[in-house]
Amino acid sequence: MDPSKETIPHAKKKILIGATGSVASVKIPIIVKTLVEKVGHLVEIKVVATTAALHFFDPKDVLAEVLTDKDEWSAWNKMSDPVMHIDLRNWADMFIICPLDANTLAKLAQGLCDNLITCILRAWDESRPVIVCPAMNTNMWNHKFTAIHLATLTDVLNYRIVPPISKLLACGDLGVGAMAEYHTIVEEIIKEVGVAH
Ligand SMILES: CC(C)(CO)[C@@H](O)C(=O)NCCC(=O)N/C=C\S
């Protein structure tokens, strides 16, 4: 067999999906399900959720491992134990936070790291892509800090933003703040990891 003709299987792309405390986290199960359906054979997926995000979906409904702040603390008890946020930072080829709530946006813009998601990003390898999908009430979206914090994420940290859309929001308001549609998010992930589907 001519060695140059051997098709060495590409290593699976490792996708980390972050969920934070916006009601848009209800979309996590469908985002993962759609991703698995489209490119499941080409990727590995892990979900990291803040405690607040778990208010909006049940990890049992997600077709991937879901890691929480509780998991980080229970994984470390003595010096030789793994440090989950560092292991995940080393594992992932890309990180998408969908939804990015206003609280986590502010933390990331200021370098705060008080949970699994913010610690992963505080230790992140800048050569690997980060995409954020903000989702919040329109009044929060229009608050002066939102633009300032987003500018920090793009200009300083080189994150990519998938902007929110105008839709009926969880509180009955109609306006900008709804997370981008789940199929848009899935296509952004597939484009980023460069897997054909
Ligand atoms: C929840 C979902 C995905 C339903 O289509 C959509 O409304 C959305 O992304 N909302 C996020 C913003 C929001 O609602 N905030 C909470 C109080 S207004």
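Source: prediction; values computed, not measured. For this chain, numbers begin at 1 and follow the sequence in order. Each ligand, and each atom within it, is numbered from 1 in the order the structure gives.
- For ligand 1, the atoms sitting less than 4.0 Å from at least one non-hydrogen atom of Leu168 are 7 (O), numbered in the order shown with element in parentheses.
- Under a 4.0 Å heavy-atom criterion, Thr138 is not in contact with ligand 1.
- The closest approach between any non-hydrogen atom of Asp173 and ligand 1 is not below 4.0 Å.
- Side chains of Asp101 and Thr104: a donor-acceptor N/O pair is present below 3.5 angstrom, by distance only.
- Between Leu153 and Leu108 the shortest side-chain heavy-atom distance falls below 4.5 Å.
- In terms of protein heavy-atom proximity, atom 8 (C) of ligand 1 is nearest to Ala178 CA, 3.6 Å.
- Between Ile96 and Cys133, the shortest heavy-atom distance links the atoms CD1-SG, 3.9 Å.
- Of all atoms in ligand 1, listed by their number and element, those nearer than 4.0 Å to a heavy atom of Ser22 are 11 (C).
- No donor-acceptor pair under 3.5 Å is formed between the side chain of Arg122 and the backbone N or O of Cys113.
- Of all atoms in ligand 1, listed by their number and element, those nearer than 4.0 Å to a heavy atom of Ala24 are 9 (O).
- Sparse packing is recorded around NZ of Lys13, with 12 or fewer heavy atoms of other residues, nucleotides or ligands lying under 6.0 Å away.
- Ring planes of Phe145 and His149: parallel class, angle under 30° (limits at 30 and 60°).
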If you look only at distance, which donor and acceptor atoms sit under 3.5 Å apart when one is on a side chain in residues 168-185 and the other is two or more places apart or in another chain?
from: Asp173; atom 1: OD2; to: Asn137; atom 2: ND2; distance (Å): 3.1
from: Glu181; atom 1: OE2; to: Lys167; atom 2: NZ; distance (Å): 3.4

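- When hydrogens are left out, the protein atom nearest atom 3 (C) of ligand 1 is Lys27 CE, 3.8 Å; that is the closest non-hydrogen contact.
- Residue, atom and distance of the protein heavy atom nearest to atom 18 (S) of ligand 1 are Cys171 SG, 2.6 Å.
- Ranking protein heavy atoms by distance to atom 14 (O) of ligand 1, first place goes to Ala170 N, 2.8 Å.
- Applying the ring pair (Phe, Tyr, Trp, His ring centres under 6.0 Å) rule to pairs touching residues 69-110 yields Phe95-Trp124, sequence neighbours excluded.
- Proximity of a side-chain donor or acceptor of Arg128 to a complementary backbone N or O of Ala92 within less than 3.5 Å is detected.
- Electrostatic pairing of Lys46 and Glu65 counts as a salt bridge here, judged by a charged N lying under 4.0 Å from a carboxylate O.
- For ligand 1, the atoms sitting less than 4.0 Å from at least one non-hydrogen atom of Met136 are 12 (C), 15 (N), numbered in the order shown with element in parentheses.
- For atom 1 (C) of ligand 1, the closest non-hydrogen atom of the protein is Val23 CG1, 3.7 Å.
- Regarding atom 4 (C) of ligand 1, its nearest protein heavy-atom neighbour is Lys167 NZ, 4.5 Å.
- Closest to atom 15 (N) of ligand 1, if we only count protein heavy atoms, is Asn137 N, 3.7 Å.
- In this structure, atom 11 (C) of ligand 1 is in close contact with the protein, since a protein heavy atom lies within 4.0 Å of it.
- Distances below 4.0 Å separate heavy atoms of Gly177 from the following atoms of ligand 1: 11 (C), 12 (C).
- Ligand-side atoms of ligand 1 in range of Met179: 8 (C), 9 (O), range being under 4.0 angstrom from any heavy atom.
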